[in-house]
Each structure stands twice: as structure tokens, then as C-alpha cells.
Trainee: 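Please see the structure below; I have some questions.
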Amino acid sequence: MTSENPFKASWSRGGNLLCHGHWNISWQGRALELPEPRREKDMATNGIYSIIDPEDETYRDGLEEDEWIIENVEWLTDFFCDNAIPLETANYRWFFRAINPHDWRCTSCAGCM
């Protein structure tokens, strides 16, 4: 893999009410639109999702990189094909690594409390 991730990802909302946001994804600087069922949902990547105690393993949720790729390979392959992204293992890994730090869960912001 190259040293710089060709994907950039962010979640459109910060602070409270994360559940009202959407994914901003780009590939080599070109904006992409995720498929409708994925656009406004968490990605189920592994992390600790707690606003109260971000170190508390009790709040760890989601899949690690390899398991996540296997679980999501079908829709991700379609997404890559639709956007002329090469179907290379490195690109699946880069995608995961771009979204993982920005992933969230309902418990990530405490907006619903």
C-alpha cells in the first residue's frame, strides 16, 4: 500500500445528534456518494463508542478490519465498480481505515439522553 490513504472520510455532524448526519467520502479528491442504505448510518467498525468514558471497553462495538471487509465486501465491491475504484485489497483496507476514526454509535454523543 502507498503511504497516503486515497480515501478521505468524515461524518457531517459533530457534538450532539450524530444520528442526523451523513458520510462525506472522497477517493483521490473526488467526492463519492455512498449507497442510500449506508449514507446516514454508522458503519459498524470497531471502536469504543461512549461519550462518558471513551476508555471503557464495555462500550466497544463493531468489527475489526478483516472481519468488516468480509462482512461488507459485496456492497463495497459494487460501490467501487460504480465509482471506477480498482478492486484491490489495499483499497478495501484504505476505505475501512478512512471511515473507522469517524464512525459513531447512538452512544457516541449523548444527544438522545
Side-chain angles (χ1 to χ4, degrees):
M1 284 197 286
T2 62
S3 61
E4 188 174 339
N5 192 333
F7 288 99
K8 300 289 183 232
S10 65
W11 185 251
S12 67
R13 289 291 298 246
N16 291 344
L17 302 175
L18 288 173
C19 58
H20 293 285
H22 63 271
W23 285 102
N24 297 308
I25 307 281
S26 67
W27 158 260
Q28 296 180 338
R30 180 173 44 98
L32 306 174
E33 189 169 12
L34 287 172
E36 182 64 40
R38 308 275 174 193
R39 222 171 280 158
E40 298 175 354
K41 306 282 185 206
D42 72 73
M43 287 284 192
T45 64
N46 189 273
I48 298 175
Y49 299 101
S50 170
I51 190 73
I52 297 166
D53 188 356
E55 303 295 319
D56 187 346
E57 287 290 329
T58 304
Y59 296 99
R60 181 167 295 283
D61 186 48
L63 301 173
E64 296 284 353
E65 185 173 310
D66 289 339
E67 292 81 14
W68 188 89
I69 292 168
I70 291 166
E71 181 74 22
N72 292 279
V73 71
E74 188 173 316
W75 77 262
L76 202 51
T77 298
D78 290 343
F79 176 67
F80 283 10
C81 286
D82 292 345
N83 289 283
I85 298 169
L87 301 177
E88 298 172 1
T89 301
N91 289 331
Y92 291 86
R93 294 192 180 286
W94 281 130
F95 185 87
F96 176 90
R97 293 172 189 176
I99 61 170
N100 184 238
H102 306 285
D103 208 356
W104 60 280
R105 299 295 186 278
C106 295
T107 55
S108 298
C109 70
C112 54
M113 291 182 151

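Since the model is a prediction, treat every value here as computed from it, not as a measurement.
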Trainee: Write out all pairs satisfying salt bridge (charged side-chain N to carboxylate O under 4.0 Å, His left out) with one or both partners inside residues 45-54, taking only residues at least two apart or from two chains.
Mentor: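 As it turns out, there is no salt bridge (charged side-chain N to carboxylate O under 4.0 Å, His left out) pair with a partner in residues 45-54 once direct neighbours are skipped.
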
Trainee: Can any side-chain N or O of Asp56 pair as donor or acceptor with the backbone N or O of Thr58 at less than 3.5 Å?
Mentor: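 Present.
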
Trainee: What's the separation between atom NZ in Lys8 and atom CG in Asn24, rounded to the nearest 0.5 Å?
Mentor: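 Here the interatomic distance stands at 14.0 Å.
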
Trainee: Count the heavy atoms belonging to other residues, nucleotides or ligands that lie under 6.0 Å from CD of Glu67, then report whether that count exceeds 12.
Mentor: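 Atom CD in Glu67 is packed in, count exceeds 12.
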
Trainee: Between Asn5 and Phe95, is any pair of side-chain heavy atoms under 4.5 Å apart?
Mentor: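 They are not in contact (no side-chain heavy atoms under 4.5 Å apart), so the answer is no.
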
Trainee: Using 0.5 Å steps for rounding, measure from the CD atom of Glu64 to the CZ atom of Phe96.
Mentor: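 Reported to 0.5 Å precision, the distance equals 6.5 Å.
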
Trainee: Quick check against the 3.5 Å criterion: does Trp68 have a side-chain atom that pairs as donor or acceptor with the backbone of Met43?
Mentor: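 Here the side-chain-to-backbone pair exists.
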
Trainee: Calculate, to the nearest 0.5 Å, the distance between atoms CD1 and CD1 belonging to Ile25 and Ile99 respectively.
Mentor: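 If we round to the nearest 0.5 Å, Ile25:CD1 and Ile99:CD1 are 6.5 Å apart.
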
Trainee: Please work out which of the three classes, parallel, tilted or perpendicular, describes the rings of Phe80 and Phe7, given edges at 30° and 60°.
Mentor: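 Rings of Phe7 and Phe80: parallel, as their planes differ by under 30°.
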
Trainee: What pairs with Asp61 under side-chain hydrogen bond (donor to acceptor under 3.5 Å, both in side chains), at least two apart in sequence or on another chain?
Mentor: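 Scan of Asp61 (side-chain hydrogen bond (donor to acceptor under 3.5 Å, both in side chains), adjacent residues dropped) gives Arg105.
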
Trainee: Kindly compute the distance separating NZ (Lys41) from CG (Leu34), expressed to the nearest 0.5 Å.
Mentor: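 These two atoms lie 13.0 Å from each other.
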
Trainee: Sequence neighbours left out, what passes side-chain hydrogen bond (donor to acceptor under 3.5 Å, both in side chains) with Asn100? Give chain and number order.
Mentor: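 Asn100: side-chain hydrogen bond (donor to acceptor under 3.5 Å, both in side chains) contacts with Thr45.
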
Trainee: Just verifying a value: how many Å separate Arg93 CZ and Glu88 CD, rounded to the nearest 0.5 Å?
Mentor: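 Going from CZ on Arg93 over to CD on Glu88, the span is 13.0 Å.
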
Trainee: Once side-chain hydrogen bond (donor to acceptor under 3.5 Å, both in side chains) is applied, do any residues pair with Asp82, and if so which ones, sequence neighbours excluded?
Mentor: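 Applying side-chain hydrogen bond (donor to acceptor under 3.5 Å, both in side chains) to Asp82 gives none.
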
Trainee: Any heavy-atom pair between the side chains of Asn46 and Arg60 that's under 4.5 Å?
Mentor: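 Contact flag for Arg60/Asn46 side chains = yes.
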
Trainee: Could you tell me if Trp75 and Asn72 have a donor-acceptor pair between their side chains, going purely by distance under 3.5 Å?
Mentor: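 Present: a donor and an acceptor within the cut-off.
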
Trainee: Using a 4.5 Å cut-off on heavy atoms from C-beta on, say whether the side chain of Leu76 contacts that of Ile69.
Mentor: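 They are not in contact (no side-chain heavy atoms under 4.5 Å apart), so the answer is no.
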
Trainee: Do you know which two heavy atoms are closest between Asn91 and Pro6, and how far apart they sit?
Mentor: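 Closest heavy-atom pair between Asn91 and Pro6: OD1-CG, 4.3 Å.
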
Trainee: Kindly write out the residues that satisfy ring pair (Phe, Tyr, Trp, His ring centres under 6.0 Å) with Trp11, not counting sequence neighbours, or none if the list is empty.
Mentor: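 Listed in chain order: Trp23, Trp104.
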
Trainee: Above 12 or not: heavy atoms from other molecules or residues under 6.0 Å from CD of Glu74?
Mentor: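 Result for CD/Glu74: open.
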
Trainee: What about Leu87 and Ile85, same hydrophobic cluster or not, with Ile/Leu/Val/Met/Phe/Trp/Tyr joined at side-chain heavy-atom distances under 4.5 Å?
Mentor: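 Yes, because Leu87 and Ile85 connect within a single hydrophobic cluster, where side-chain heavy atoms sit under 4.5 Å apart.
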
Trainee: Just how far is it from atom CH2 of Trp27 to atom CZ of Arg30, taken to the nearest 0.5 Å?
Mentor: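 Reported to 0.5 Å precision, the distance equals 8.5 Å.
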
Trainee: Check side-chain hydrogen bond (donor to acceptor under 3.5 Å, both in side chains) between Glu36 and all other residues, then give those that pass, not counting sequence neighbours.
Mentor: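 Scan of Glu36 (side-chain hydrogen bond (donor to acceptor under 3.5 Å, both in side chains), adjacent residues dropped) gives Arg39.
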
Trainee: Examine the side chains of Ser12 and His22 and answer whether a donor and an acceptor come within less than 3.5 Å of each other.
Mentor: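 Their side chains do contain a donor-acceptor pair, which is all the 3.5 Å distance test asks for.
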
